[in-house]
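All of these numbers come straight from a predicted model, not from anything done at the bench. Numbers restart at 1 for each chain; the letters A, B, ... are given by sequence-line order, proteins then strands.
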Protein chains: 2
Amino acid sequence: MPAQQTASDATLQTRVLAQIRADIVACALLPNQRLTLETLRERYGAGFSPIREALMQLAAEGLVQLEQNKGFRVAGVSRESLYDLMQARIEIDGIALRWSIDNGGVDWEADLIAAFHRLSRHSKLRRSRPGKLSGEWAKEHRAFHHALVAACNSPTILAIRENLFDKAERYVALSILSKSPPRNDVAEHEQIMEAALARNVGRAIAASREHIQRTADKVAKSLENHFEFSKLPGSSVTARESRISLAG
Amino acid sequence: MPAQQTASDATLQTRVLAQIRADIVACALLPNQRLTLETLRERYGAGFSPIREALMQLAAEGLVQLEQNKGFRVAGVSRESLYDLMQARIEIDGIALRWSIDNGGVDWEADLIAAFHRLSRHSKLRRSRPGKLSGEWAKEHRAFHHALVAACNSPTILAIRENLFDKAERYVALSILSKSPPRNDVAEHEQIMEAALARNVGRAIAASREHIQRTADKVAKSLENHFEFSKLPGSSVTARESRISLAG
DNA sequence: GGTCAACGGATTTTCGAAAATCGTCTTGCG
DNA sequence: CGCAAGACGATTTTCGAAAATCCGTTGACC
């Protein structure tokens with residue numbers, strides 16, 4: 001069993017898709033950055049077909065933009081789309097949370113508590129050491145929010161939620177890249193969890209809304225403070241290509 | 001200006017994508033039908049690449065399913081996924097409607113009224129003549145529902161809504177294919193519109209919920225009455241490949 | 001008779017080259 | 001000098017063939 005890669009299903013296309021998506025979400029590929037096929041071909045070691053197919057799928061998900069005969073770009077960011085995204089997340093997560101509380105059984109409760117425990121531990125580690133563990137933390141954070149809504153029993157809503165979460169995580173990664181320290185939101189997560197476990201739908205949704213709203217405001221603020229995003233590590237992107245416009 | 005095709009943006013991929021999506025939504029390609037690349041190549045007159053790219057995008061949208069090394073199929077249907085879809089539509093359309101009522105101005109009102117007028121006229125034509133105009137009607141029906149939420153001012157929610165609408169329309173097309181006469185729901189649409197124009201959010205959302213719920217029930221019933229779906233016009237699909245299972 | 005491995009056909013997946021397209025620069029003309 | 005037409009370079013888009021994979025089947029061996 002060659003356990004070498006994190007997520008290599010089988011086909012090259014699947015692997016490339018996962019890698020590019022991860023790189024975009026983690027802002028290893030910056031917003032608005034041009035995605036030349038030749039460059040991607042070198043970077044991911046694949047032919048044109050798998051890469052183009054992966055990019056098409058990401059275009060459908062909204063993580064990359066495609067212009068006719070002009071190629072692909074990482075989706076741009078703006079204050080408008082940030083708040084649009086976060087507002088939608090509030091609603092969608094609210095729905096998923098409501099249904100999850102309605103349907104969730106003991107397993108759901110147990111998984112949720114376990115996920116919170118892992119998250120809180122990783123949050124402490126994250127605060128003590130430098131920002132090298134943010135990958136680990138992001139994983140636990142994602143797992144916790146997934147556990148919250150895991151019992152909602154609606155593949156449609158869950159798929160939508162997952163997609164919005166990806167996009168939100170990208171904004172958070174961008175905020176961290178701009179030297180903004182991550183905020184300590186363990187207490188917020190605990191409040192959501194406790195309300196959910198108490199089967200208090202209204203309180204849980206309100207707490208979730210607050211959580212997302214605060215994240216949105218924090219991200220918006222930290223991006224405003226760093227209007228010029230020219231030289232970021234590990235990318236030969238020109239200023240023009242990766243400039244982040246908060247205006248439109 | 002060669003106005004020959006309905007929707008031919010520019011690239012072959014875009015055209016193929018629109019055609020396949022339309023064919024799936026209209027059930028010209030039946031649920032569960034296998035999509036051999038060779039067959040699609042003949043049917044749409046294109047190479048492998050544009051077709052595969054289009055299918056990848058449709059896979060991301062959820063209209064086709066992709067199995068590793070086993071190719072593509074039109075997404076299957078089931079009672080569970082029908083109700084999952086419709087339940088999600090109720091919620092998403094509710095959100096979009098609420099925001100649209102909050103934000104909509106006079107233009108929104110005017111467009112909505114105009115869309116309803118066209119819809120009601122086409123509904124009468126549709127009842128008088130045989131089912132040859134259902135394509136026209138579907139277009140107006142789609143336009144009306146879009147006009148309802150057009151002012152919601154959230155690209156994210158609108159994109160999600162559009163996708164769910166496509167999937168719902170496919171179920172309705174399937175229902176019509178099973179010789180089930182379309183129901184006369186002009187009154188329902190009028191109720192939604194009037195509540196929206198009166199800025200009565202609660203009543204509008206309730207009417208919308210009722211409308212979707214009734215459509216779901218109607219579709220579910222007409223599909224149950226036609227368990228065997230083997231020989232449908234214009235397709236050389238074997239019974240095994242296109243059988244519609246309402247069980248799972 | 002039953003089980004397992006290897007073979008063959010069909011299809012997917014991947015590749016790299018050819019064709020088409022766009023933006024830009026240059027050139028020629030008014 | 002200004003402007004339009006044409007050509008060049010870079011990149012996308014498309015194509016068909018080659019490689020890889022899967023499934024069903026045959027055949028051999030226990």
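In this structure, B:Phe48 atom CZ and D:dA18 atom P are separated by 13 Å, rounded to whole Å. Protein atom CD of A:Glu38 is 15 Å distant from nucleotide atom C1' of D:dG9, rounded to whole Å. As rounded to whole Å, 9 Å separates atom P of D:dC22 from atom CD of B:Gln68. One atom, CZ of A:Arg34, and another, C1' of C:dC22, lie 11 Å apart when rounded to the nearest Å. In this structure, CD1 of A:Ile51 is placed 15 Å from C1' of D:dT13, rounded to the nearest angstrom. In this entry the distance linking OH of A:Tyr44 with P of C:dC15 reads 15 Å, nearest Å. We find that CE of B:Met56 is positioned 11 Å from P of C:dT12, with the value rounded to whole Å. Distance, A:Leu37 CG to C:dT14 C1': 15 Å, rounded to whole Å.
For B:Leu66, the listed nucleotide lying nearest its side chain is C:dT13; candidates were D:dT13, D:dT14, C:dT13. Listed candidates were C:dT11, D:dT12, C:dT14. Nearest to the side chain of B:Thr36 is C:dT11. With C:dC15, D:dT12, C:dT13 as the candidates, the nucleotide lying closest to the side chain of A:Ser49 is C:dC15. In this structure, of D:dC22, C:dT12, D:dC15, it is D:dC22 that holds the atom nearest to the side chain of B:Lys70. Taking only side-chain atoms of A:Ala46, from C-beta outward, the nucleotide of C:dC15, D:dG16, D:dC15 with the closest atom is C:dC15.
Closest non-hydrogen pair, A:Ala28 versus A:Arg43, comes out as CB-NH2, 4.0 Å.
Using a 4.0 Å heavy-atom criterion, one finds that B:Leu35 contacts the sugar-phosphate atoms exclusively. Looking at heavy-atom distances under 4.0 Å, A:Leu12 makes contact with sugar-phosphate atoms alone, never a base.
Taking side-chain N and O atoms only, B:Arg52 has a distance below 4.0 Å to OP1 or OP2 of C:dT13.
Counting heavy atoms from C-beta outward, B:His122 and B:Lys139 have side chains that stay 4.5 Å or more apart. Put simply, the side chain of B:Leu30 reaches to within 4.5 Å of the side chain of B:Leu177, judged on heavy atoms.
Stacking of B:Arg142 on the aromatic ring of B:Phe165 is not recorded, the 6.0 Å distance cut-off and the 45° axial limit not both being met.
The nearest heavy atom of DNA chain C to A:Arg41 and to A:Asn69 marks one nucleotide each, and the one closer to the 5' end goes with A:Arg41.
For the residue pair B:Gln57 and B:Gln13, a side-chain donor N or O sits within less than 3.5 Å of a side-chain acceptor on the partner.
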